[in-house]
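Since the structure comes first, as C-alpha cells, the remarks are kept for the end.
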There are 2 protein chains.
Amino acid sequence: MATMREVAGRAGVSTATVSRALSGNPTVDPDLAARVRSAAHALGYRPNGVARSLRRQTTAVLALIISDVENPFFTAIARGVEDTAQSAGYSVVLCNSDESTAKERRYVDVLLQEQVAGVIVSPTSAAGALEPLWDNGTPVVAVDRPLPGLECDTVLVDSRVAANVATTHLAAQGYQRIGCLTGPVGVHTADDRLAGYRDALRAAKRRSAADLVRRAEFRTVGAKRSAADLFGIAEPPDGLLVANSTMATGTLEAMSELGLRAGRDVGLVAFDDSPWATLVDPPLTVISQPAYQIGTMAAQLLLARIGGDARAPRTITLNAQLVVRGSSHR
Amino acid sequence: MATMREVAGRAGVSTATVSRALSGNPTVDPDLAARVRSAAHALGYRPNGVARSLRRQTTAVLALIISDVENPFFTAIARGVEDTAQSAGYSVVLCNSDESTAKERRYVDVLLQEQVAGVIVSPTSAAGALEPLWDNGTPVVAVDRPLPGLECDTVLVDSRVAANVATTHLAAQGYQRIGCLTGPVGVHTADDRLAGYRDALRAAKRRSAADLVRRAEFRTVGAKRSAADLFGIAEPPDGLLVANSTMATGTLEAMSELGLRAGRDVGLVAFDDSPWATLVDPPLTVISQPAYQIGTMAAQLLLARIGGDARAPRTITLNAQLVVRGSSHR
DNA sequence: CTCAGTTGAGAAATCGTTTTCCCGCAAGTT
DNA sequence: AACTTGCGGGAAAACGATTTCTCAACTGAG
C-alpha cells in the first residue's frame, strides 16, 4: 500500500503539500495539486484511515447497537440509519446485542476503543452498560426505548397510545375477553404496550383480568408456548394484542395447532407490519411502526451532535398506525 | 480519555512498561504489573484502538458486505459471522451493498481505508469492485455466490441441485407446466437456480417452455408483477419455482389477487425458509438454506487466512434441503 | 572476586496522517 | 529603496500505542 511519503517523493513535494493538495486546500498551486493528484493516482494511493483518525481524533464511523438482527423492525431502522449516515460520508458498524447487557457492554468497550464518532442504541435495559460512552463524551442517541437515567436524544414510537388504540379497536369490534402477550418485564416497549392495553380496558370499563396477560421473550418459540398456554385456560381470551411480529408468528402457530381461526375465534392485532401480514388468512391487523424513519431521524440527531450541536437533548416521538385487516373482526 | 502516559505517570513507570504489563508480558515484575493495572483501573484507562491499529498495522475488525440487509437469508448469515468473529475477539462491520456495484465499490474503499483485517462478501456481480482488496492483500471470502475471476475461499449452497430437486418434486406431484421466477441476469444464484430448473425439465423429458420463465429483481414488488404477468398468459403454468423468499411473498400476493390457490391451482416451491412459511394456507414448500452455517464457515475460513493460512483457496458447498409442505401437492 | 548471562525496565523509533509553525519570495506601499 | 503583506510550501510536532534497542542490576559459575 502506497503511503503519503511515496506520493510526496514522486511528486517532488513534502507530505504536507500532498495532504493539502488531496484535501482540496485552496492555498496550494493548481499545477502542483494536479501533479500531486496524478502521482497519487499512479501509485494507487489510498489514504490510511487509521492514521487519519489518530491524528484527527475522530473517525467517520457511527455505531448502531440493536437488540436483534433478525427482527425486521430493527433491520429497517438499520437501513434508515445507514442511508442517512452514508450520504453524510459516514459508515455504520452494526452490533447485535441480542438483548444481553453483557454483550452490550462488550460492544461499548470495542466502540470506545475504535473511537467511533457516535452511537445509536436500542438499550437492553438499564443504562449501566452505556455509562462509559457518556464518560467519554461520545454522543449517544437512543431508539425504540428510552434510556431512563441518562439525558440524551431519543427517538421513540408512542407504543402506549398505539396499544391503547389497538385494544380499543378490538373492544369496539365486540371482543369481550381481550388478552395481551408482551415481552419481558423491564424491557420498556414491552411494559409500555402492556400499559396501553390496560389504559384501554380501563377506559372501556372492562375488567382487566390478570390471567389474560402473558409475558415471554420477544421471540417466536416463547410466544408460541405462552399463547398456547393462554388459550388453554378455563376462560380463554377471544381477543389478543401481541407485542411484536416475531411473537405474532408464534401466536399464529399456536392458534393453527389449536384450530383457532383469527378474527372469528380470536380477534388479533400485532405490533409491526411484515411483508407476510397480508398473506395469512385472514390477513393480520397490525400496528405499523415507522421503523425506517426512526433510523433516519436518529442518524440526523446523532450527526447534529457530532457536528457540535449543544442544545438540550430532544425526544422525538413518532406515531404508529393501526392497519385494520381481517384478523380483528368477525 | 486517559492515555497510556497518564497511567505510566501514576504508576511511576514508562509507557513501555504499561504496555507490557497490560498485555500480560511475563517479563514484567508481578508487583509492578499489579501497580500498573490498578493505576489503569483508577484512571478508567481504555487503550486507544486506533493508535494500536496504526502501530500494529492491523485491526480486529471484519467486514461483511451483503446485498440486502432486509433479506432474512442475509441477516442469518450475518448472525453466523458475528457469533464466530465475536468469540475470536473480532468485531464485525456490516455493509449493505443493495445489489449495487457502485455502493460495493464505495464500501471497499472505506474498508481499505479503515484497514479491516478481512472481508466477507456476497458479490453483486463481476469481481471488478473487489480488485482493490486483492491488490492490498486483504483476505476475502465470498459467500452465496462465487467470484468468477478471482481465486478465493468461497462458501456456497448448491442452488442448482436444489432447484433441480425442487422442480423434479413438482413434476412428480403431477404438475404439467412448471414455470420459474428467478432473479436478474448476471446474479449468479439467479442463473444457477434457473439452470437447475432446466436440468430437471430436461431429465423429465419435459419441454422447457421459454415463456414460463420470468426474471425480476430479488424483491417483492417486481416479483409480484412478474408473477401476475406469468399467470396471465394464454397457457399459464400450473407449477412454479420461485428463487427467494422476498419473491415468494410477491408471488403469493399476486396469486391471492388472482384467486389462485397454492397447491390446488399452482404447485409452489420457493427458496429460503421463513418463519411465516408455515402460517400461510396452504403452508409453503421451501428449499431451506443453511444460512447461519454459511456465516460461521465463512468467518472460520477468513479467520484462518488472517491467521496466516496460505493453503490454496477452498470452496465449500453446503446442501440445501427441500422441505415439503402443502403448497406443492393437490 | 570477576565475568558471562539473565532479567527487568526505560528511551526512543515507529506506524501514516494532519496541522502548526515558520520562512522565503514576490507584489504592493510610501 | 526600504518595508509591510500575503502567499505558497517545507520542516517538524503531534496523535497514542507497540516494539526494538539498550543498559543497569542482579545471579551464579569458575
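The chains referred to below are lettered A, B, ... by the order of the sequence lines, with proteins before strands, and numbering in each begins at 1.
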Can you tell if the side chain of B:Y292 reaches within under 4.5 Å of the side chain of B:I77, non-hydrogen atoms only? no
How close do A:D309 and A:R305 get, heavy atom to heavy atom, and via which atoms? O-NH1, 3.0 Å
Would you mind telling me which of [options] lies closest to the side-chain atoms of [X]?
{"X": "A:R52", "options": "C:dT17, D:dG10, C:dG8", "answer": "C:dT17"}
{"X": "A:A16", "options": "C:dG8, D:dA12, D:dG16", "answer": "D:dA12"}
{"X": "B:L32", "options": "C:dA9, D:dC15, C:dA13", "answer": "C:dA9"}
{"X": "A:N48", "options": "C:dT19, C:dT17, D:dG8", "answer": "C:dT17"}

In whole Å, what is the span from the [atom1] atom of [X] to the [atom2] atom of [N]?
{"X": "A:R56", "N": "C:dG16", "atom1": "CZ", "atom2": "C1'", "answer": "13 Å"}
{"X": "B:R35", "N": "C:dA9", "atom1": "CZ", "atom2": "P", "answer": "9 Å"}
{"X": "A:Q113", "N": "D:dG16", "atom1": "CD", "atom2": "P", "answer": "15 Å"}
{"X": "B:D29", "N": "C:dG10", "atom1": "CG", "atom2": "P", "answer": "11 Å"}
{"X": "B:L22", "N": "D:dT18", "atom1": "CG", "atom2": "P", "answer": "8 Å"}
{"X": "A:L54", "N": "D:dA17", "atom1": "CG", "atom2": "P", "answer": "9 Å"}
{"X": "B:Q115", "N": "C:dG16", "atom1": "CD", "atom2": "P", "answer": "8 Å"}
{"X": "A:N25", "N": "C:dT19", "atom1": "CG", "atom2": "C1'", "answer": "11 Å"}

Less than 3.5 Å between a donor and an acceptor, one on the side chain of A:R55 and one on the base of C:dT17, is that the case here? no
Classify the side chain of A:R20 and the base of D:dG10 as holding, or not holding, a donor-acceptor pair under 3.5 Å. yes
What contact category does A:S19 fall into here, base, sugar-phosphate, or nothing, at under 4.0 angstrom with non-hydrogen atoms? base
Indicate, with a heavy-atom threshold strictly under 4.0 Å, whether B:V18 touches base, sugar-phosphate, or nothing. nothing
Taking only N and O in the side chain of B:T17, is any of them less than 4.0 Å away from OP1 or OP2 of C:dA9? no
Taking only side-chain N and O atoms of A:T3, does any of them lie within less than 4.0 angstrom of OP1 or OP2 on C:dG16? no
Hey, which of these two, B:T27 or A:V50, hits DNA chain C nearer its 5' end, going by closest nucleotide? B:T27
Please compare B:V13 and B:Q57 by the position of their nearest nucleotide in DNA chain C and report the one closer to 5'. B:V13
Do A:R106 and A:D98 sit within salt-bridge range, that is, some charged N less than 4.0 Å from a carboxylate O? no
Any Lys/Arg nitrogen of A:D31 or A:R37 sitting under 4.0 Å from an Asp/Glu carboxylate oxygen of the other? no
Let's go through B:F73 and B:D68 carefully: what are the C-alpha distance in whole Å and the side-chain angles of both, what is the deciding distance for side-chain contact (heavy atoms from CB on, under 4.5 Å) to 0.1 Å, and is it a yes or a no? CA-CA 9 Å; B:F73 172 67; B:D68 183 5; over 6 Å; no
